Amino acid sequence: MPKDWWKEEAAGIPRLVTETPGPKSRVMHANTTKYMKGLSSQVKLFPVCFDSGYGITLTDVDGNRYLDFSSGIYVTSLGHCHPKIAEAIAYWSKKLMNIHDFTTPVKEKLMEKMASIMPGKLNAIQLYSDGTSAVEAAIRAARAISNKHEFISAYRDFHGKSMAAVSCAQMYRGETHSYGATRAAGFYMVPRPDPYRPLWTKADGTIDTDAYISFYETFIKEGTVGNVAAFVLEPVQGWGGSIFPPDDYFPKLQKLCEKYRILLYDDEVLAGMGRTGEWLTLNHWDVVPDIVTFGKSFGNGFPVTAMVVKEENGDALEKISASSSYGGNPMACAAALASLEVIEEEDILNNVREVGQFFMKRMTQMKESHPIIGDVKGKGFLLGIELVKDKTTKEPFDEAGKLVYQKAFRKGLAWIPAGHILRMSPPLIMNEHYASMGLDMIEESITEVEKQFDYN
Ligand SMILES: Cc1ncc(COP(=O)(O)O)c(C=O)c1O
């Protein structure tokens, strides 16, 4: 498969032939939402109806063609309908769709491949079909490994929408009540360093990671019953707005966890499998977790996720009744295996590192010239632009975030944000030309919003 399999289809995007969302989109959306409820704010703010996708291109039912800056929602990272991955799924869809958790030839190959890319001895694996199920399994595995039952996670975390997952997450953002989000007993949250909005700083004004770690230590001693099974972390807070902690945070957190025999559980459902230029985002800081979960990019759109623990703790998976109905079905294994092979064959990690630098350079320039851009953040293709009303007060500018989202979408950019942090998750196959095109649409939209609010 040539590396630029997607380029021909992308020629000429964005191409808008109607107002957007177009007339057909509006009708289909209205018909659907007579019955379908509970849609994301992204869809509510821009009710377009998509018909097809190929590589970095999306086409709606009115024939408008968009540049993709979202990869579904961090999912189709190798491009929509990657021919190799689509073929692998199609092959097993005609041969063997589900056979519980019996071994299949494609599962054998996937296990070998996964073990070869995991750092350290992370090679005791179970497969699931959504991120939340993998997170649930990780929580049960942490209890089985440690014989302890408490969990600590961080403000602004997101880990899925089951009971244990919402117990580790900040589901409430102020605008809606999340009735399913009550935290279960034994789940705690602590602040986590956000370099743009530090809670504790040193005398020179820089963020004080030690103060966070020291607070955690006090919290473990005073706020728990001394039974903490795991520290649950996102390597980057994705839903929270692409928030990266300072470089010394994870190594220091790992030391603290070792001191109190607390497992480090790294939820890479959003950030893993190449999105930041490494297989695991935690690899950037040379930290090997005890437990890791994958999802989203793992099957490039086919629902397949994984929970992995260290070899020495593999027995725990025997204790938690780890298997499921769909986890590891042949189509899922084929999608995941083909995706991992594509990452290697197309040198994706390198592309992410190189084009990722381009993204950050251009976003930093944007920050200098726009009064409402308070901060830009990112590693590889996991990016964010934080909009504020005032660079000194840093007051979040939610209204601007929504308007920029809609304006850029109308220009032909299919993307994610809905709050004041403009989250971006472009397909990892993207080159500088299209990266620049997407940022142009965003920058033009920011300029228009600044004018609307009398900035400049
Ligand atoms: C870090 C993280 N964990 C878990 C999940 C849940 O995954 P899913 O939506 O596939 O259940 C998400 C989803 O966005 C996530 O970002």
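Values in this document were obtained by computation on a predicted structure and should not be read as measured data. First listed ligand is number 1; within each ligand, the first listed atom is number 1.
Considering all non-hydrogen atoms of both residues, I416 and S70 come closest at CG1-CB, 3.4 Å. Between F359 and G380, the shortest heavy-atom contact is CD1-O, 4.5 Å. Residues V355 and A435 approach most closely at CG1-CB, 4.1 Å, considering heavy atoms. Closest approach of W239 to R423, counting heavy atoms only: CA-NH1, 3.5 Å.
Closest protein heavy atom to atom 11 (O) of ligand 1: T132 OG1, 2.5 Å. In terms of protein heavy-atom proximity, atom 8 (P) of ligand 1 is nearest to G131 N, 3.5 Å. Looking only at protein heavy atoms, the nearest one to atom 3 (N) of ligand 1 is D267 OD2, 2.7 Å.
The closest approach between a heavy atom of W239 and any atom of ligand 1 is not below 4.0 Å. For the ligand labelled ligand 1, residue K296 lies inside the 4.0 Å heavy-atom shell.
If you check the side chains of D267 and H159, you find a donor sitting under 3.5 Å from an acceptor. Counting only N and O atoms by type, the side chains of Y405 and S445 include no donor and acceptor under 3.5 Å apart. A side-chain donor-acceptor contact under 3.5 Å links T276 and T281.
Looking at ligand 1, you won't find any N or O of E234 less than 3.5 Å from one of its N or O atoms. Between L270 and ligand 1, no pair of N/O atoms sits closer than 3.5 Å.
Screening D60, T59, T20 against Y66 for a side-chain hydrogen bond (donor to acceptor under 3.5 Å, both in side chains) leaves a single residue, D60.
Among G160, P303, S129, A138, the residue whose heavy atom sits closest to atom 6 (C) of ligand 1 is G160.
At a heavy-atom cutoff of 4.0 Å, ligand 1 is contacted by both the backbone and the side chain of F158. Counting heavy atoms closer than 4.0 Å to ligand 1, residue K161 contributes nothing at all. Counting heavy atoms under 4.0 Å from ligand 1, residue V269 touches it through the side chain alone.
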